[in-house]
Amino acid sequence: MTLHHKIRQFFLPSLTTKFLIRICLVALSAYLFFGYLCIPFYIQGISMEPTYRHGGFNFCWRLPYFFSEPKRHEVVAVRFAGSKVMLLKRVVALEDEQVEFRDGKLYVDGKEMDEPYVRFPCNWNLSPRRVEKDCVYVIGDNRSMSIENHHFGQASKSRILGTPLW
Amino acid sequence: MVKIKYLLIGGLIAVIGIVAVFIFSPREEKKVKKPFYLLSEWVSKSSEENAFTMLQKMKNIGTLFDEECVLKVPSQSLSGSYKREEITTYAGSARSYFSQLHLKFYDFSILFLEKEVAKVSLTSRLTGRSTAGEQMDETRELECVLKKIEKKWLFSAIDVVEVLKK
């Protein structure tokens, strides 16, 4: 087979049954992989800056939470509306733990948390509250805005879809 | 050989017929979705909207709701049963804050609880610009209950799902 023929065969393959089956399998695998296991998404908003910047692109990797529960300090994608809108947040407290903010410092069960990922200081105050059963408490890394303008709180574990791939 | 040919043509016509019936028949799901599309049209507002159009749209919005409708909008501190007139007034005052407004609904999931009661889970996206010039882009998951009254599906409950509870 000449090189010219090989190139031609690569870019313009003949539509044999085998080829069509292969194409269908590749399409089906891609649909399942990118639709359910590794969901691509664009980041809109600044609530996770500087860890994740507005306009960034990533994938929501779902596999870890099929077998384990989300852990503290992990960044998770929370299903917000439908199947396409997710919130990217960081888990700061687990079920049955008590969360509060005092002068911008996060306290979990009365202990001040070390949060190296928070780069912008804040002066948030939030009275203590206990995380309900089957929930985790999630907050964004960027707390430079007022507490009223930041989406955070406890989310049901069933809404946690996965973790960003990078 | 001829028989097979006729069978294939017959089969093809049958498939096209089934697809056509499926697409064009006014199924109940389509009827349930109709008030959402009308609400989207009547809530939406352009910067050139005149007083007559505004009054007409407000009047129309009221016709989509049951006499009493249960609203649960945690972000607006709305919770309880509201009369149709109250909802119309509330919608009118909310619209007046905006110079442009667009409401869209996505991801419909319809479940018939009874023959004339439907539960609809969906995503709503409200975009616009306030009269003060601020941009708004809010996406929420909604759970609505609609009842069929005099051959029309009307909203009897709207619940904005609180994904993150502070």
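Residue numbers begin at 1 in each chain, while the letters A, B, ... track the order of the sequences.
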Cross-interface N/O pairs, chain B with chain A, donor-acceptor, under 3.5 angstrom:
{"unit_1": "B:T123", "atom_1": "OG1", "unit_2": "A:G82", "atom_2": "N", "d": "3.1"}
{"unit_1": "B:E141", "atom_1": "OE1", "unit_2": "A:R79", "atom_2": "NH1", "d": "2.9"}
{"unit_1": "B:E141", "atom_1": "OE1", "unit_2": "A:G82", "atom_2": "N", "d": "3.3"}
{"unit_1": "B:E141", "atom_1": "OE2", "unit_2": "A:R159", "atom_2": "NH2", "d": "2.9"}
{"unit_1": "B:K165", "atom_1": "N", "unit_2": "A:Q154", "atom_2": "O", "d": "3.0"}
{"unit_1": "B:K165", "atom_1": "O", "unit_2": "A:Q154", "atom_2": "N", "d": "2.9"}
{"unit_1": "B:K165", "atom_1": "NZ", "unit_2": "A:E132", "atom_2": "OE2", "d": "3.0"}
{"unit_1": "B:K166", "atom_1": "O", "unit_2": "A:R129", "atom_2": "NH1", "d": "2.9"}
{"unit_1": "B:K166", "atom_1": "O", "unit_2": "A:Y137", "atom_2": "OH", "d": "3.0"}
{"unit_1": "B:K166", "atom_1": "NZ", "unit_2": "A:I147", "atom_2": "O", "d": "2.8"}
{"unit_1": "B:K166", "atom_1": "NZ", "unit_2": "A:H150", "atom_2": "O", "d": "3.3"}

* Asked: Which bit of A:V138 is near chain B, if near means a heavy-atom gap under 4.5 Å: side chain, backbone, both or neither?
  -> side chain

* Asked: Is B:L103 reachable from B:L38 through a run of hydrophobic residues whose side-chain heavy atoms are each under 4.5 Å from the next?
  -> yes

* To do: Treat each ILVMFWY residue as a node, draw an edge where side-chain heavy atoms are under 4.5 Å apart, and state whether B:V163 and A:L161 are in one component.
  => no

* Got more than 12 heavy atoms from elsewhere within 6.0 Å of NZ, B:K148? -> yes

* Asked: Under 4.5 Å between side-chain heavy atoms, hopping through other hydrophobics if needed: is there a path connecting B:I61 to B:L101?
  -> yes

* Applying salt bridge (Lys or Arg N to Asp or Glu O under 4.0 Å), which residue pairs with at least one partner in residues 82-103 of chain B are found, sequence neighbours left out? -> B:E49-B:R95, B:E67-B:R84, B:E68-B:K83

* Summary of ring pair (Phe, Tyr, Trp, His ring centres under 6.0 Å) pairs that have at least one residue in residues 114-138 of chain B, sequence neighbours excluded -> none

* Go through the atoms of A:L87 and report whether side chain, backbone, both or neither lie under 4.5 Å from a heavy atom of chain B. => side chain

* Set of ring-ring contact (aromatic ring centres under 6.0 Å, His included) partners for B:Y97, sequence neighbours left out -> none

